[in-house]
Each structure stands twice: as C-alpha cells, then as structure tokens.
S.K.: 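Below you will find the structure I want to go over with you.
All values reported here derive from a predicted model rather than from experimental measurement. Quick note: numbers below take in every heavy atom, side chains included, and nothing from hydrogens, waters or symmetry partners. Positions are given from 1 along the sequence.
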Amino acid sequence: QVQLVESGGGLVQPGGSLRLSCAASGSVTGIVSMGWYRQAPGKQRELVASIISSGTTNYSDSVKGRFTISRDNSKNAVYLQMNSLKPEDTAVYYCNAVRSEVAGPSGDTYERDYWGQGTQVTVSS
C-alpha cells in the first residue's frame with residue numbers, strides 16, 4: 001500500500017502562483033512514476049503533469065509553460081509549481097503514483113495506481 005498526502009492548495013487570484021506538494025509513504029519501493037491530475041465539477045479527471053523515474057516529464061497542453069512538475073526521490077515526494085494561474089485551473093488536484101508490484105511467488109509484476117485525497121485549488125478574483 002502507498003499513501004499519498006497532498007498539500008499546498010488554496011485560493012489565489014488569476015496570475016498568481018501556488019505550489020502543490022505530495023508525499024508518498026508506505027510501500028514506496030517500486031514507484032515508477034508520479035503525477036498530478038485534476039477534476040472540476042461535472043468533468044472527468046484529467047492528467048495535468050507526470051514524471052517518471054528517469055526524470056522525463058509530460059504535461060497537458062493547457063498547462064505547458066505555466067506549470068512545472070518536479071520530484072525528490074529521496075523524500076518520495078512530487079511537487080507541482082503552478083504559475084500564471086487561470087480561473088479554468090480551478091479544480092481538485094490529486095496526486096498519483098504508479099507502482100510496480102509483485103504479483104506473487106512467480107515474481108511477475110503489474111502496475112497499480114494510488115491516489116491522494118485531493119487538494120482544492122481555486123483561482124478567482
């Protein structure tokens with residue numbers, strides 16, 4: 001089991017900045033990627049940004065150039081620096097971790113998703 005705890009959400013004016021943090025605990029060995037998703041009321045959860053073990057990052061087109069994802073492997077943490085925030089960025093942001101887990105005595109592995117509880121980000125004047 002992996003536990004993910006997010007922090008850093010809040011209310012900010014358009015053009016402002018926030019930094020989200022997510023700390024993983026529990027069975028952190030085997031985590032191959034971490035990322036951030038968001039979900040607004042009435043909408044599906046969507047990928048914001050992700051980062052894999054090698055450091056390669058991926059961003060939604062809507063946040064490229066404004067958001068930066070980073071990680072601290074020693075602390076099993078992932079961060080999302082959000083700049084130039086827009087009202088459409090308003091959503092609950094969820095931390096995600098993908099872990100390669102052992103299936104059984106065979107030693108085979110499979111990937112499993114873990115999710116944080118979410119943190120509210122509201123961008124409004």
S.K.: For a 4.5 angstrom cut-off between non-hydrogen side-chain atoms, does L18 reach F67?
M.R.: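 Result no, sub-4.5 Å side-chain heavy-atom pair not found.
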S.K.: To the nearest 0.5 Å, what is the distance between OG on S25 and CG on L4?
M.R.: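 Going from the OG atom of S25 to the CG atom of L4 covers 7.5 Å.
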S.K.: Quick one: which residue pairs count as a disulfide bond (SG atoms under 2.5 Å apart) with a foot in residues 43-80, not counting sequence neighbours?
M.R.: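 Found none.
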S.K.: Are any side-chain N or O atoms of R66 and backbone N or O atoms of M82, one a donor and one an acceptor, separated by less than 3.5 Å?
M.R.: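 Judged by distance alone, no pair lies under 3.5 Å.
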S.K.: Just jot down the side chain to side chain contact (heavy atoms under 4.5 Å, CB included) partners of D61, sequence neighbours excluded, or say none.
M.R.: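 With sequence neighbours excluded, D61 shows a side chain to side chain contact (heavy atoms under 4.5 Å, CB included) to K64, given in chain and number order.
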S.K.: Closest approach of V48 and V63, non-hydrogen atoms and distance?
M.R.: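 Result for this residue pair: O-CG2, 3.6 Å.
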S.K.: Quick one: list whatever passes side chain to side chain contact (heavy atoms under 4.5 Å, CB included) with Q120, sequence neighbours left out.
M.R.: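 Applying side chain to side chain contact (heavy atoms under 4.5 Å, CB included) to Q120 gives T90, V92, T122.
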S.K.: Applying the 4.5 Å side-chain criterion to the ILVMFWY set and letting contacts propagate, would V78 and V98 be lumped into a single cluster?
M.R.: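 In one cluster: no.
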S.K.: Would you say S53's side chain and V32's backbone share a donor-acceptor pair under 3.5 angstrom?
M.R.: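 Checked: pair present.
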S.K.: Kindly write out the residues that satisfy side-chain hydrogen bond (donor to acceptor under 3.5 Å, both in side chains) with Q81, not counting sequence neighbours, or none if the list is empty.
M.R.: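 Only N83 meet the side-chain hydrogen bond (donor to acceptor under 3.5 Å, both in side chains) criterion with Q81.
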S.K.: What heavy-atom pair brings D72 and S74 nearest, and what distance separates the two atoms?
M.R.: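 Between these two residues, the closest heavy atoms are OD1-OG, 2.6 Å.
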S.K.: Starting at OG of S33, measure out to CD1 of I51 and round the result to the nearest 0.5 Å.
M.R.: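 Reported to 0.5 Å precision, the distance equals 10.0 Å.
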S.K.: Side-chain contact test, heavy atoms from C-beta onward, threshold under 4.5 Å: evaluate it for S50 versus N58 and give yes or no.
M.R.: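 In short, these two side chains touch, coming nearer than 4.5 Å.
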S.K.: Mind jotting down which residue pairs meet the salt bridge (charged side-chain N to carboxylate O under 4.0 Å, His left out) criterion with at least one end in residues 10-20? Sequence neighbours excluded, please.
M.R.: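 Sorted result for residues 10-20: empty, none.
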S.K.: Please report the closest heavy-atom contact between A24 and I31, naming both atoms and the distance.
M.R.: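 Nearest heavy atoms, A24 then I31: CB-CD1, 4.2 Å.
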S.K.: Looking only at heavy atoms, what is the nearest atom pair of T29 and R99, with distance?
M.R.: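 Nearest heavy atoms, T29 then R99: O-NE, 2.7 Å.
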S.K.: Checking R38 now: which residues fulfil side-chain hydrogen bond (donor to acceptor under 3.5 Å, both in side chains) with it, not counting sequence neighbours?
M.R.: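 For R38, the residues satisfying side-chain hydrogen bond (donor to acceptor under 3.5 Å, both in side chains) (neighbours in sequence not counted) are E46, S62, D89, Y93.
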S.K.: Is there a continuous path of hydrophobic side-chain contacts, each under 4.5 Å between heavy atoms, that joins L85 to Y59?
M.R.: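 Yes, because L85 and Y59 connect within a single hydrophobic cluster, where side-chain heavy atoms sit under 4.5 Å apart.
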S.K.: Mind jotting down which residue pairs meet the salt bridge (charged side-chain N to carboxylate O under 4.0 Å, His left out) criterion with at least one end in residues 116-125? Sequence neighbours excluded, please.
M.R.: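 Residue pairs passing salt bridge (charged side-chain N to carboxylate O under 4.0 Å, His left out), neighbours aside: none found.
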S.K.: Identify, with sequence neighbours excluded, every residue that meets side-chain hydrogen bond (donor to acceptor under 3.5 Å, both in side chains) alongside E111.
M.R.: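 With sequence neighbours excluded, E111 shows a side-chain hydrogen bond (donor to acceptor under 3.5 Å, both in side chains) to no residue whatsoever.
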S.K.: Quick check: does any side chain N or O of E6 sit under 3.5 Å from a backbone N or O of Q117, one acting as donor and the other as acceptor?
M.R.: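 Yes; judged by distance alone, with no hydrogens or angles, the pair exists.
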S.K.: Is the CD atom of E88 crowded by more than 12 outside heavy atoms at less than 6.0 Å?
M.R.: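 Above 12, so yes.
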S.K.: For S124, enumerate each residue passing the side-chain hydrogen bond (donor to acceptor under 3.5 Å, both in side chains) test, keeping only those at least two apart in sequence or located in another chain.
M.R.: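 Once residues adjacent in sequence are excluded, S124 has no partner under the side-chain hydrogen bond (donor to acceptor under 3.5 Å, both in side chains) criterion.
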S.K.: Suppose clustering is done on Ile, Leu, Val, Met, Phe, Trp and Tyr with side-chain heavy atoms closer than 4.5 Å. Which residues sit in the same group as I52?
M.R.: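 None; I52 is a cluster of one.
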S.K.: Is T68 close to Y79 at the side-chain level, that is, under 4.5 Å between some pair of heavy atoms?
M.R.: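 The answer is no; the side chains never approach within 4.5 Å.
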S.K.: Should W36 and V121 be regarded as members of a common hydrophobic cluster, given that ILVMFWY residues are connected when their side-chain heavy atoms come within less than 4.5 Å of each other, either directly or indirectly?
M.R.: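 Same cluster: W36 reaches V121 through Ile, Leu, Val, Met, Phe, Trp or Tyr contacts under 4.5 Å.
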S.K.: Considering only heavy atoms from C-beta outward, does the side chain of Q1 approach that of R112 to under 4.5 Å?
M.R.: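 Yes; the side chains approach each other to less than 4.5 Å.
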S.K.: For Y37, give me all partners under ring-ring contact (aromatic ring centres under 6.0 Å, His included), at least two apart in sequence or on another chain.
M.R.: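 Listed in chain order: W115.
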S.K.: Would you say L80 ends up clustered with Y94 if hydrophobic residues are merged whenever their side chains have heavy atoms under 4.5 Å apart, either directly or through other cluster members?
M.R.: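 Per the 4.5 Å side-chain linkage, Y94 and L80 are not co-clustered.
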S.K.: Enumerate the residue pairs fulfilling disulfide bond (SG atoms under 2.5 Å apart) with a member in residues 51-125, sequence neighbours excluded, ordered by first and then second residue.
M.R.: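 Those involving residues 51-125 are C22-C95.
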